[in-house]
2 protein chains.
Amino acid sequence: MSGPTGDDLVEMLAALANPIRLRIVATLAGRRDYVSQLARELGVSRPLLHMHLRRLEAAGLITGRLELSEDGKAMKYYEVTDFDLHLTASAIAEAAQTLTMPDPGKGPAPKEST
Amino acid sequence: MSGPTGDDLVEMLAALANPIRLRIVATLAGRRDYVSQLARELGVSRPLLHMHLRRLEAAGLITGRLELSEDGKAMKYYEVTDFDLHLTASAIAEAAQTLTMPDPGKGPAPKEST
DNA sequence: TTCATGTGTCATCTTTTTCTTACACGTGAA
DNA sequence: TTCACGTGTAAGAAAAAGATGACACATGAA
């Protein structure tokens, strides 16, 4: 077993929980592509696509590398990593054990007396 | 196959992409629980928990029903549904085909012909 | 009645995410 | 030089999500 940590899982789920990013992964699942071409295919601006690509790459779902084309242009090609997430209640229960908690002071439960 | 639609998938992923909601599912994976008790265990306020529970239930990941306790109190018990999401690039590629995009009248994908 | 338990919602504020616009740099070709 | 194509980033608006506090209602027990 030993899936991703709770924090990593949240990051991966957040990266996938978006229509555009889902379409990016879907497109790259077929073939690798470079940024400008991908932006044209998906119909989104390059700055926007750039942001989504960073989010997906940060989550480890895609990887990109800069290559030089024949005519000397710098092209950044992205492709999907072969991730495999199996989500069930028990798998989530296991991952949740490694969740980093926000530390709002150390007080146990916010006692209410009203 | 026939997994969830693209939109449903986005909703499920968005529902799980949150530390609190992940802990809710993790807790309910062990045993069903009612709102106030769950709020105490997780250390969150009831209005906040209520919001998160609604999001999870809307995504079909948990279900709640109102029951009457021995002493006449109305308790809302939640439990997890037995969902099973298998996330790979190809599975996402399939689901992405049924994504509804808020595309303002952009008929065919502009096949760029540079 | 008052207190403690349970349920829920509303208005508001803060934070994060999403998206656009504008700019910068580099190369090859006309 | 200018144009077309590629890369990237920064600032700010717009939208969505997260979180809080105050409120309302019902029940059983002291």
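These figures come from a predicted structure and were not determined experimentally. Here is how names work: the chains are called A, B, and so on, in the same order as the sequence lines, proteins then strands, and each is numbered from 1.
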Expressed in angstrom and rounded to an integer, what is the separation of [X] atom [atom1] from [N] atom [atom2]?
X: B:Leu42; N: D:dG18; atom1: CG; atom2: C1'; answer: 16 Å
X: A:Leu53; N: C:dT18; atom1: CG; atom2: P; answer: 13 Å
X: B:Arg40; N: C:dT7; atom1: CZ; atom2: C1'; answer: 13 Å
X: B:Leu48; N: C:dT7; atom1: CG; atom2: C1'; answer: 17 Å
X: B:Asn18; N: C:dT16; atom1: CG; atom2: C1'; answer: 12 Å
X: A:Met75; N: D:dC5; atom1: CE; atom2: C1'; answer: 9 Å
X: B:Ile20; N: D:dG18; atom1: CD1; atom2: P; answer: 9 Å

Want to settle it: does B:Ala17 or B:Asp71 sit nearer the 5' end of DNA chain D, counting the closest nucleotide to each?
B:Ala17
Residues that A:Arg54 engages under salt bridge (Lys or Arg N to Asp or Glu O under 4.0 Å), provided they are two or more places apart
none
Show me the protein contacts with nucleotides 8-15 of chain D, counting only N or O atoms at under 3.5 Å.
residue : atom : partner : partner atom : Å
D:dG8   : OP1  : A:Lys76 : NZ           : 3.3
D:dT9   : OP2  : A:His50 : NE2          : 3.3

Apart from B:Tyr77 itself, which Ile, Leu, Val, Met, Phe, Trp or Tyr residues share its cluster (side-chain heavy atoms under 4.5 Å, direct or through members)?
B:Tyr34, B:Met75
B:Ile24: which of B:Leu38, B:Val80, B:Leu61, B:Asn18 passes side chain to side chain contact (heavy atoms under 4.5 Å, CB included)
B:Leu38
On DNA chain C, nearest-nucleotide positions of A:Lys73 versus A:His52: which is more 5'?
A:His52
Is any side-chain nitrogen or oxygen of A:Ser45 closer than 4.0 Å to OP1 or OP2 of C:dC19?
no
